[in-house]
Structures are given as C-alpha cells and as structure tokens.
Asks: 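Structure below; questions to follow.
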Number of protein chains: 2
Amino acid sequence: MEKKISILLIDDHAMVIEGMKAILQLIPSVQVKATANNAFEAMDTLKQLDIQLCFLDINLPDISGIDLCLKIKKEFPKVHIIGLSTFSQRSYIAQMMQNGASGYLLKSATKEEIEEAITTILAGKLFFNISSLDANHHDKNAPLLTRREKEILILIADGLTNNEIASRLFLSSHTVDSHRKNLFIKFDVNNVALLVKKASQADLL
Amino acid sequence: MEKKISILLIDDHAMVIEGMKAILQLIPSVQVKATANNAFEAMDTLKQLDIQLCFLDINLPDISGIDLCLKIKKEFPKVHIIGLSTFSQRSYIAQMMQNGASGYLLKSATKEEIEEAITTILAGKLFFNISSLDANHHDKNAPLLTRREKEILILIADGLTNNEIASRLFLSSHTVDSHRKNLFIKFDVNNVALLVKKASQADLL
DNA sequence: AAAAAAATCCCGTAAACACGGGAGTTTTAA
DNA sequence: TTAAAACTCCCGTGTTTACGGGATTTTTTT
C-alpha cells in the first residue's frame, strides 16, 4: 500500500467539514490531514503540510473559493483542487475550473461519487459530475466579471455614487463610470436597480 | 438516564447529514433515529418512528423546507423542528419559524450551539441563534410594507422610472415618488441601489 | 364616529445617472 | 512577441433621482 492521499478540507460550514470527514474516513486510500474555515487558514496549512488534494468550498468568508483556487494554484501548482458547491451555486463551477480546479462535487455527492472524483483527478484527469448538473440547468447565466468590475459592482450595490467609489478606490470618476457602463452591458441592463437585482440573484453581492 | 431524544435529520446534502450525525454522536442525550433526503422520506419516517425532534433544511429537492415544516407541524404537532440554513439563506428563517419551527441553526453551527438549541427547544422554548445572525446583520428585519409599496418596490427593482411606473399604475409620478420616498425611509436607505439590495436580501422581489 | 394609516397629488433644486462618444496604458494570454 | 483583454481616463447632454418641503382624499382601525 502506498502512502495515503493527503487531503485538506476548506469550508466554513462545520457540518460540511464533518460530513466530508465522515465520508472520507470510509475511503481507505485517503486521509484528511487538515481542515480550514477560511482562505487564510487554508494557505497557512498548505505551507506547513504536504497536501495533495483540496476540497474547496465556493463560498468562503474572507475571499471567494474561486479566487482562492487561483491563489492556491499559483503558489502550489501541484495541489489538486476539487470545488464544492451546492446545487444553486453550480453556475460558478465553470469559473472555478477556469481557475485551476480539477473537478467539482455538489455537496449532495455520495461516497461513490467522491471516490470516483478522487481517483479520476489523482490520475491527472478532470472530473465532471455531469449527471448532477444537466438535471436542472436553466442557468442563471451570471456574466463573467473582471476583478475590478466585481469590486465596483459591490460598491454600487452598497449605494455609493461614482464619485464616492472613485475616491475610495483612488480612481477617476470617469473610470468608475466606464466600469459601470461595462457592467450594464454585461448584465444587459440600463439602470442600477436592475443591475443590483440581477447581481443579487446571481449571488454576486 | 432517560430515554434518548430521538432525532430525524432532513437534508439533501449527504455531507450535512453526515456532519450533523458526527456532531450529534458527541451529545449523549440524543440519538439520530433516521435521516431523509427529501420531504417524502421525511413524512414516511415520521409516520413509522416516534420522532421528537427534526433538523430540517430550508432547501429540499421536492418541496421547500419551509412548506414541509408546516406540513409536519400539521400532522405531527408534537414534533419539534429546528431549521437548518446557510448564512445566505438566513432571510428565510422567519418564514420557517412562522410555520412552526422552534428554532434554527446555521450550518456553520458548533457542537455547543447545537447542544444548546436542543436543550432549549426540548424545554419548550424557542431557540434563537442571535450571535450568528447579528454578526453581519444589517437587518433581515424587512420593514412592513403596504400593498402599494410592495407593488412599486418591485417595479423600481425592475428598473422602471417613476414616470414609467406612474403610467403603468395609472398614477401621477408624484404619487410614485411619494411611495418611493416612504420605501427609502422604511428601508433606511437613500438610493435605489441599496434599496434593491436590501429588498432582494429580504426576499421581497 | 373619530383617529390613524394609507394612498393620492404637488413643487423646486442640486446632484447623480444614463448614454453617446473617444482614447491611451498596462496585463494577460495566445 | 503580438493581439486581446482589462483598466484607465475624458467629455457633453438630457434625464432622472434624491430630498426638502407640503396637502388632500380614501381606507382602515379603534
């Protein structure tokens, strides 16, 4: 028997952590080496321990799992990442994969699916849990936003004016306005009200 | 020692079920008698077994946890129900409580919180996990709106201008503006962006 | 029937937005 | 290394909002 596959669980929901642990204990070839409730803890653990595989929640308290994914992959390219999402968050999976995740699982995944995902990914392949996705996919196609756009979107939704955003981000109000215009185009709207509504529905706020 | 408190876990996320189980095993006074992935299974189990306490997820595949809560309470009024939700779903908690739940827990709850919830509720009281809610809350205390205000709020969030709303509702734009002003006061905001954001978070759209 | 709440309508002004353009620089990806 | 993409900045114009005041008429509640 080779050494067990070392795993790090990253999720802020205690129950999900416990649940994953419980399921992973049933799989002899793996071992949960550590868990993390946020991005900071996660990065810290990766520096300390020799982790092969991360289970990474899409939503984290400090930075989004999607961004963390990118960060992990930059600093620790050899670490494999499996995204965790709920069914309603499935639209973000593509972004996670784009940021270097090797696969994803819904939180409703069974032991067998988890096992399959692990072996597939450790073999260097990508794991797509297609069945669970096609089921209901009338996407809420949230547009892909740039970092700046996300940043400004949130400030807009917080009710700041262009000028306020500009001075907070040390930008010209014209720049803010440009981003705002691009947000309008990407969301296909023509005013803040609809922008905020759609962004909120896409869980972007 | 009395008989253990019999518990039914209702959640479609395998990991949450496993996580709750793992945590509840650490509490000697309780016993997880069964688990259910959906409403149908849940009702079936309640008919078969003598369940004292349900942990019920807000989102279920067949009917919403909120509706199931009502259903359970109608058929089995003596069963206590603790709602389970993620932080982003906290706005639904009020509905769950209204449908007969005795309390709720966030899925990030600790063993101690879970334990406290159980003892509080079994003692016949309601359990409010105030700390986890206040933390970030601006208010999911959605203000009470009049019929007209709700109507206009939705149109505002759809991006209509005062004039457009006015002509759609056969009102003067001044009237619409008055309602808009009242909405601002009730939501304690000073612009549409925040209004829509808060309304969306309060699930009013 | 009286009081309270909701709904309707009016006005003026400064600030902010929506939208049409255009253009240079820096970063990322091919 | 080269082409996109992202980010930055600028302007002018008409529209709409935000917010300060009101007031009157329905409807609901007590």
Side-chain angles (χ1 to χ4, degrees), chain A residues 63-64 66-67 69-75 77 94-101 142-200 204, chain B residues 142-200 204:
Chain A
I63 68 172
S64 86
I66 293 166
D67 294 336
C69 186
L70 192 65
K71 212 173 157 190
I72 292 176
K73 271 296 184 180
K74 260 194 183 152
E75 287 202 43
Q95 293 176 53
M96 196 112 174
M97 303 292 286
Q98 214 162 3
N99 282 357
L144 277 180
L145 302 182
T146 68
R147 213 171 276 173
R148 216 31 157 185
E149 283 165 354
K150 280 182 208 165
E151 197 176 10
I152 287 175
L153 171 59
I154 287 167
L155 295 175
I156 290 174
D158 276 337
L160 303 201
T161 68
N162 283 341
N163 282 320
E164 288 167 338
I165 296 172
S167 69
R168 180 174 299 198
L169 299 183
F170 306 105
L171 292 175
S172 154
S173 67
H174 297 297
T175 306
V176 177
D177 199 51
S178 290
H179 289 300
R180 174 194 288 261
K181 278 190 269 193
N182 288 328
L183 284 166
F184 281 21
I185 291 167
K186 286 193 177 179
F187 278 91
D188 188 28
V189 300
N190 62 338
N191 53 262
V192 216
L194 260 181
L195 175 70
V196 173
K197 186 184 162 192
K198 284 197 174 183
S200 182
L204 252 31
Chain B
L144 278 181
L145 302 183
T146 68
R147 215 170 272 174
R148 214 33 156 185
E149 283 166 352
K150 279 182 208 166
E151 197 176 11
I152 287 174
L153 171 60
I154 286 166
L155 295 175
I156 289 174
D158 277 335
L160 303 201
T161 67
N162 284 341
N163 282 319
E164 288 166 340
I165 296 172
S167 69
R168 181 175 299 198
L169 300 182
F170 306 105
L171 292 175
S172 155
S173 67
H174 298 296
T175 307
V176 177
D177 197 52
S178 290
H179 289 300
R180 173 195 288 259
K181 279 190 268 192
N182 288 328
L183 283 166
F184 279 21
I185 291 168
K186 287 193 177 179
F187 278 91
D188 188 27
V189 298
N190 62 336
N191 52 262
V192 212
L194 259 180
L195 175 71
V196 173
K197 186 184 163 192
K198 284 197 173 184
S200 182
L204 250 30

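First the proteins, then the strands, lettered A, B, ... as listed; each starts at 1. Just so you know, these numbers come straight off a predicted model, no measurement behind them.
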Asks: Send over the distance from A:Arg147 CZ to D:dT8 P, rounded to a whole Å.
Replies: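 It works out to 12 Å between those atoms.
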Asks: Can you name the nearest heavy-atom pair linking B:Ile156 to A:Ala193, along with the distance?
Replies: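 For B:Ile156 and A:Ala193, the tightest heavy-atom pair comes out as O-CB, 3.0 Å.
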Asks: Looking at A:Lys71, I'd like to know if its NZ atom is crowded, meaning that more than 12 non-hydrogen atoms belonging to other residues, nucleotides or ligands lie closer than 6.0 Å.
Replies: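 Counting neighbours around NZ of A:Lys71, 12 or fewer heavy atoms of other residues, nucleotides or ligands fall under 6.0 Å, so no.
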Asks: Indicate the atoms forming the closest heavy-atom contact of B:Ala166 with B:Ser172, along with that distance.
Replies: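 Answer, listing the atom of B:Ala166 first, then B:Ser172: CB-C, 3.8 Å.
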Asks: D:dA18 P sits how many Å from B:Phe187 CZ, rounded?
Replies: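 To the nearest whole Å, that distance equals 14 Å.
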Asks: Assess whether side chain to side chain contact (heavy atoms under 4.5 Å, CB included) is satisfied between B:Glu149 and B:Leu204, documenting all intermediate values.
Replies: CA-CA 11 Å; B:Glu149 283 166 352; B:Leu204 250 30; over 6 Å; no
Asks: Starting at NE2 of A:His179 and ending at P of D:dC7, how long is that distance when rounded to a whole Å?
Replies: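 Roughly 6 Å, once rounded to whole Å.
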Asks: Pair B:Leu169, B:Thr175 - check side chain to side chain contact (heavy atoms under 4.5 Å, CB included), show working.
Replies: CA-CA 10 Å; B:Leu169 300 182; B:Thr175 307; over 6 Å; no
Asks: Quickly work out the A:Phe184 CZ to D:dT16 P distance and round it to whole Å.
Replies: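 Interatomic distance, CZ of A:Phe184 to P of D:dT16: 14 Å.
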Asks: Examine the base of D:dC9 for any acceptor or donor lying under 3.5 Å from a partner atom in the side chain of A:Ser178, and report the outcome as yes or no.
Replies: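 Yes.
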Asks: Under 4.0 Å from a heavy atom of chain B: give me the 5'-most and 3'-most nucleotides of DNA chain C that qualify.
Replies: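 Nucleotide range in contact with chain B: C:dA6 to C:dC11.
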Asks: Can you see which heavy atom on B:Val189 is nearest to which on B:Lys198, and at what distance?
Replies: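 Nearest heavy atoms, B:Val189 then B:Lys198: CG1-CD, 3.9 Å.
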Asks: Against B:Arg148, only a single residue in B:Leu171, B:Leu153, B:Asn182 fulfils side-chain contact (heavy atoms from CB on, under 4.5 Å); can you say which?
Replies: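 Only match with B:Arg148 under side-chain contact (heavy atoms from CB on, under 4.5 Å): B:Leu171.
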Asks: Would you name the heavy atoms of A:Asn190 and A:Phe184 that are closest together and state the gap between them?
Replies: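 Minimum heavy-atom separation between A:Asn190 and A:Phe184: C-CE2, 3.8 Å.
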Asks: Between P on D:dT8 and CG on A:Leu183, what's the gap in Å once rounded to a whole number?
Replies: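 Rounded to the whole Å, the gap is 13 Å.
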Asks: Which part of the nucleic acid, if any, lies within contact of B:Asn182, taking any heavy atom under 4.0 Å across all strands shown: a base, the sugar-phosphate backbone alone, or nothing?
Replies: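 Since no nucleic acid heavy atom lies under 4.0 Å of B:Asn182, the category is nothing.
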Asks: Between CG of B:Leu160 and CG of B:Asp158, what distance do you get to the nearest 0.5 Å?
Replies: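 Here the rounded value is 6.0 Å.
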Asks: For the helix from C:dA1-D:dT30 to C:dA30-D:dT1, what angle separates the axis at the start from the axis at the finish, each from five pairs, in steps of 10°?
Replies: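 The end-segment axes of the helix from C:dA1-D:dT30 to C:dA30-D:dT1 are tilted 80° relative to each other.
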Asks: Find which nucleotide of DNA chain D each of B:Val192 and A:Leu171 is nearest to by heavy atoms, and output the residue with the more 5' nucleotide.
Replies: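 The residue mapped nearer the 5' terminus is A:Leu171.
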Asks: Starting at CD1 of B:Ile165 and ending at P of D:dT16, how long is that distance when rounded to a whole Å?
Replies: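 Between P of D:dT16 and CD1 of B:Ile165: 12 Å.
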Asks: Would you mind telling me which residue lines up with the more 5' stretch of DNA chain C, A:Asn162 or B:Asp177, judged by nearest nucleotide?
Replies: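 Whichever sits nearer the 5' end wins; that is B:Asp177.
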Asks: Counting any heavy atom closer than 4.0 Å, what does B:Thr175 reach on the DNA or RNA strands: base, sugar-phosphate only, or nothing?
Replies: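 Base contact - B:Thr175 has a heavy atom under 4.0 Å of at least one base atom.
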Asks: Under 4.0 Å between a side-chain N/O of B:Arg180 and OP1 or OP2 of D:dA18, yes or no?
Replies: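 Answer is yes, contact under 4.0 Å.
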Asks: Select from A:Thr161 and A:Lys181 the residue whose nearest nucleotide in DNA chain C is closer to the 5' end of that strand.
Replies: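 Of the two residues, A:Thr161 wins.
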Asks: Could you tell me the separation between the NE2 atom of B:His174 and the C1' atom of D:dG21, rounded to a whole number of Å?
Replies: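 In whole Å, D:dG21 C1' and B:His174 NE2 are 14 Å from each other.
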Asks: What is the minimum heavy-atom distance between B:Lys186 and B:Leu145, and which atoms define it?
Replies: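 Scanning both residues completely, I find the closest heavy atoms to be CD-CD2, 3.8 Å.
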Asks: Whole angstrom is fine here: how far is it from CG in B:Asn163 over to C1' in D:dT15?
Replies: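 Atom CG in B:Asn163 sits about 10 Å away from atom C1' in D:dT15.
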